[in-house]
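Since the structure comes first, as structure tokens, the remarks are kept for the end.
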Amino acid sequence: MPYFFPDAASPVSISDLIRPEGFVCPCGRVHRAAPLSALAVGPGVLRKLPEMLDSLGIRKPYLVVGGFAMEACGIDVLELLGDRPYVLCTLPKLPRPLPNEEYLARITEGFDPSCDMILGVGSGVINDLCKMLGKNTHLPTGIVGTAPSMDGYASNSAAMELSGIKTSVYTDCPALILCDTLVLKDAPYDSLRSGLGDMSAKYMSIAEWKMAHLVTGEYYCASIADLMMQATAAVMSNAEAIRNREEPAIRSMTEGLILSGIASSFAGVSRPASSLEHSISHLLEMFALAGGRRPALHGLQAAYGVRMGLVFYPQLLASVPTEAGCAAGFRRFDETAWAKDMRRAFGSQADALIRQAEQEGRNTEKTQRERSQNAIRNWPLIAQALGKVAASVDLITDALDRLEIPQADQPELLGYSKQEALDAFYHSRDLRARYISSSLAWDLGILDTVRFPGLN
Ligand SMILES: [Zn+2]
Ligand SMILES: [Zn+2]
């Protein structure tokens, strides 16, 4: 689809967005998506693989193919490589590969140092494993996608589970992304649900990015935010067509998911792609791994975070904050009780999180007062930014319902208890330094008053 972005004479396609010279933006920066330099999304684009490899000067790729991916298009990829030499590593169908040390070791074992690119065929896990191997071998990576299931294709990090702990490892983003929508439209139904779920998160990410800018002064770019919303709107209004696997709708969702990574590269941070709902998802994943359970699909969890957010936002926006209210909220905060609850919820991982919050001074009266004063001063703009999510609630809810995403009071459908869901929400601000809507609620003294019907 055509996208509007500053410094482009006319609407651009997603492939135009990765032009090497970038885009000069009114925010004062030049936005580039390097090292991503070969991108194709659409029906039948698989056949472009040889010319894309040529354009990057790749002579001998190391192919990492997921078990199911071999049937989806792996065999076609091998055929398309023709006379070009390659080394092949195939991962088993079942159990499904995980983004952990075991599978990284497996693909590392088969690696041949005479290869000049790590080329994955698969979706999230394969892409993340390849990014890790690319980082370790200092080689560029590429991915031939098989499912529009998450927004990590173009991101510059790998979502890993190392020593049983969920960890984001910074890597380069892939140099090559090829998504043939005739392949992706036949992905498992859960992958489609997950992809739509990950896109639904963008309403909140964009709103909370602006909100955080207004409270903490962090960098924000309205043009990138607008670009992300163009892609998101196109996906969310097409939920039924996605469910029916119609190629144009699958294409716009795949583009949206890739664009999410491009927008994050443009911004230099993952703000355009994640906020409260991703923190909730991240915490749920931590709980699953700590309990030796398998987390649900990333996009389904992010969408569950959206469901919680949609219950929470009206409560956050219900009243205009005052200095007295914010001060009273801080007086109710009992640091010892908070630390005790962190240990209950996070066990052995609590200490690192508590230390991080202390080092940052996140929970001191001084920083709380500064942030809440900024929030009070900018409240009309904050309410407007977050209110945009509330204004889209019917569209978001309709799309999530059509793809049977669990409601806020149904965490067990994703394998989580009610307590874990509540912990993921109330402790979402304790995960990292990023300022999100639950951080705002804490600053305004109302986080502990937020309620979820059916959960508490
Ligand atoms: Zn900008
Ligand atoms: Zn995501």
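Atoms within a ligand are numbered from 1 in the order they appear, just like the ligands themselves.
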ang(SG Cys27, the Zn ion (ligand 1), SG Cys25) rounded to 10° is 110°

Do the numbers put Arg19 on top of the ring of Phe23, so that NZ or CZ is under 6.0 Å from the six-membered ring centre and no more than 45° off the axis?
yes

The Zn ion (ligand 1) is nearest to which N, O or S atom of His31?
NE2

With carbon and hydrogen excluded and only N/O/S kept, which atom of Asp198 is nearest the Zn ion (ligand 2)?
OD1

Should we say atom CZ of Arg96 is surrounded by more than 12 heavy atoms from elsewhere, each under 6.0 Å from it?
no

Looking at every heavy atom in both Gly415 and Arg293, which two are closest together, and how far apart are they?
O-NH1, 2.8 Å

Taking atom types as modelled, find out whether Arg434 and Ser274 have a side-chain donor-acceptor pair closer than 3.5 angstrom.
yes

